[in-house]
Engineer: 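Provided herewith is a single structure, encoded as structure tokens, for subsequent inquiry.
To find a chain, count down the sequence lines: A is the first, B the second, and so on, and within it residues start at 1.
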Number of protein chains: 2
Amino acid sequence: MAPTRSEYSCGVTGAQPRLPRYREIAEELRAAIEGGEFTEGASLPSENDLSERYGVSRGTIRQTFAFLRAAGVVSSRQGARRQVLLGGPHTQPMTELVSFSRWARSVGEVPSSRTISTGIVVPSPFVAERLGLAEGDSAFHIERVRLLSGVATMVESTYYPQRLAAPLLAMDLDAESITDRLEEYGIVFVDAEHSIEAIAASDRVAILLDIDTGTPLLRSIRRTTDPVGEVLECSFDSYVGSAVAFFVRNSVAVGAVSRVKTTPR
Amino acid sequence: MAPTRSEYSCGVTGAQPRLPRYREIAEELRAAIEGGEFTEGASLPSENDLSERYGVSRGTIRQTFAFLRAAGVVSSRQGARRQVLLGGPHTQPMTELVSFSRWARSVGEVPSSRTISTGIVVPSPFVAERLGLAEGDSAFHIERVRLLSGVATMVESTYYPQRLAAPLLAMDLDAESITDRLEEYGIVFVDAEHSIEAIAASDRVAILLDIDTGTPLLRSIRRTTDPVGEVLECSFDSYVGSAVAFFVRNSVAVGAVSRVKTTPR
DNA sequence: AAGTGGTCTAGACCACTAC
DNA sequence: TAGTGGTCTAGACCACTTG
């Protein structure tokens, strides 16, 4: 039988693209969990309960749970009710993970930045390969110190493909979120790879962050791509070790993390 | 209509539980990708192609891709063919992420370990909370140095609930994989949370790892639970920073990683 | 305009859990 | 044994991309 939702197609409120039904339900459940209606370890209603309650098919409810599970909010095992996996850091990861500004605001801090240098450079082979450039091709480079409510927290050294140089040069790098502004240009970050390691602060970075040389830094090397798979940036983010951590939740079913042996570069 | 697979129920070969069809197909596709049949960025066959080729419904193929996508193997966007997201570190993360031994073998190294201490302790409130213990309750503690082909690579300090003390005491900790052995007891690790940060090596850890005090370490605090949600371990793993990194791939759709502000402990 | 992935329905059987 | 989640089918319409 055909779907019964007469309002199946997009609303014309003009606002946002409207979430699919299974996402709406996911957000309601997430809100209920964060609101304390279901505490950590509590059992959630069954799929049949929910499909009746929301007037959707069981398949839709399963989509909802697949989403919440990937987000690390619930666990499930065959035969038993699903359980809540503690609140933990709330998750809206992709955008927040890529944008320092958005993340900072989401944790209640005021983000700011101090630009150290910008310009066209010929990147190292390591970066060139990740940007998909031929050897000798140049890239646009920005180096910034990022501050959390006034405290220097990270040094960010980012390489962009040349085609992004124009919009980037037109921005006030210290005042706006690059990610937000690029989004207005229709440039969207959809996939990212992060390599997370611990390194010692170089003299240069130590001065920028106002710490001692050799202090442990948490460095994330990130490569971000757009919907078509084109590389948008390759960034080296060095965080003051004592200020930031990465948090990962994974289950047998969903695995996006792995441990790798580093080969000296 | 009912499913047409007459062999729908489990085979009786007695071997392993047999993978569901969608996983079998996923492994075939993964093998094709790793075998170079589809290179990075290549387009994959359409869902209709594959459902015909494998003689399954489109829904099953979609399950296959949901799995591969969560594993970070493929990307997808509405309207276009799915693409291969580079080989990267091969993924069988959960088990490998939890077991140092399995991981070491999977990267072609020989794992070994040197036990520093074992015993019943009253853990810190931080650990007690994570193990789900009341204040003052005791836990079983094991501290080991882990070596990769003879090189000290990590110090592992793990707390287990008391009920695991018996099986643990019966093992030869330096010779066997705890994870593997516990699995034989029917104890399975299904969910894990990792907090990843950079710290400086203490005097004690420096001696154990044969490095200088203050050297950057990559520390992962892990909490692992079984299918019912009972905590199985809380572990502090400190890796020599130059030896190991964590690798994460995430997309807008699947987010298991987040960045957190650390509060000094 | 044709093709592709995204969303949704309705119904079936199975494996496992809990009582 | 009843209930729950896991797997699978068959078919529908939609939003989006590509030629």
Engineer: Would you please say whether a donor-acceptor pair under 3.5 Å links the side chains of A/Ser46 and A/Asn48?
Structural biologist: no
Engineer: Look at B/Ser57 and D/dG11 and indicate whether a side-chain polar atom (N or O) is within less than 4.0 Å of OP1 or OP2.
Structural biologist: no
Engineer: Can you list everything that forms a salt bridge (charged side-chain N to carboxylate O under 4.0 Å, His left out) with A/Arg102? Sequence neighbours excluded, please.
Structural biologist: A/Asp180, A/Glu183
Engineer: Between A/Gln63 and B/Gly79, name the one whose nearest nucleotide on DNA chain C is closer to the 5' end.
Structural biologist: B/Gly79
Engineer: Does D/dG6 have OP1 or OP2 under 4.0 Å away from a side-chain N or O of A/Arg82?
Structural biologist: yes
Engineer: OP1, OP2 of D/dT9 versus side-chain N and O of B/Thr60: anything below 4.0 Å?
Structural biologist: yes
Engineer: What's the closest nucleotide to the side chain of A/Gln78 if the choices are D/dC8, C/dC14, C/dT9?
Structural biologist: C/dC14
Engineer: Would you tell me if any nitrogen or oxygen in the side chain of B/Arg21 comes within less than 4.0 Å of OP1 or OP2 on D/dT7?
Structural biologist: no
Engineer: Given C/dG5, D/dT7, D/dG5, which nucleotide is nearest the side-chain atoms of A/Ser76?
Structural biologist: D/dG5
Engineer: Counting side-chain heavy atoms from C-beta on, which of D/dT17, D/dG5, D/dC8 comes nearest to B/Tyr22?
Structural biologist: D/dC8
Engineer: Using 30° and 60° as the class boundaries, would you call the ring planes of A/Tyr159 and A/Phe236 parallel, tilted or perpendicular?
Structural biologist: perpendicular
Engineer: Round to a whole Å and report the spacing from CG of B/Asp49 to P of C/dT4.
Structural biologist: 6 Å
Engineer: Between B/Arg62 (CZ) and D/dC13 (C1'), how many Å, whole number?
Structural biologist: 13 Å
Engineer: Rounded to whole angstrom units, what separation is found between the CG atom of B/Asn48 and the C1' atom of D/dG11?
Structural biologist: 12 Å
Engineer: Using atom types as modelled, flag every donor-acceptor pair under 3.5 Å from a side chain in residues 127-138 of chain A to any protein atom, sequence neighbours excluded.
Structural biologist:
from     : atom 1 : to       : atom 2 : distance (Å)
A/Arg130 : NH1    : A/Phe126 : O      : 3.1
A/Asp137 : OD2    : A/Ala134 : N      : 3.3
A/Ser138 : OG     : A/Gln162 : NE2    : 2.6

Engineer: Report the distance from atom CZ of A/Arg58 to atom C1' of D/dG6, rounded to the nearest whole Å.
Structural biologist: 7 Å
Engineer: Are OP1 or OP2 of C/dG5 and a side-chain N or O of B/Arg69 less than 4.0 angstrom apart?
Structural biologist: no
Engineer: Has B/Arg82 got its NZ or CZ under 6.0 Å from the middle of the six-membered ring of B/Phe65, at an angle within 45 degrees of the ring axis?
Structural biologist: yes
Engineer: Whole angstrom is fine here: how far is it from CZ in A/Arg81 over to C1' in D/dA2?
Structural biologist: 12 Å
Engineer: Using a cut-off of strictly less than 4.0 Å, decide whether B/Arg77 has a side-chain nitrogen or oxygen near OP1 or OP2 of C/dT4.
Structural biologist: no
Engineer: What is the distance from CG of A/Leu50 to P of D/dG3, rounded to the nearest Å?
Structural biologist: 17 Å
Engineer: Could you give the CG-to-P distance, from A/Leu68 to D/dG5, as a whole number of Å?
Structural biologist: 13 Å
Engineer: D/dC14 C1' sits how many Å from B/Glu47 CD, rounded?
Structural biologist: 14 Å
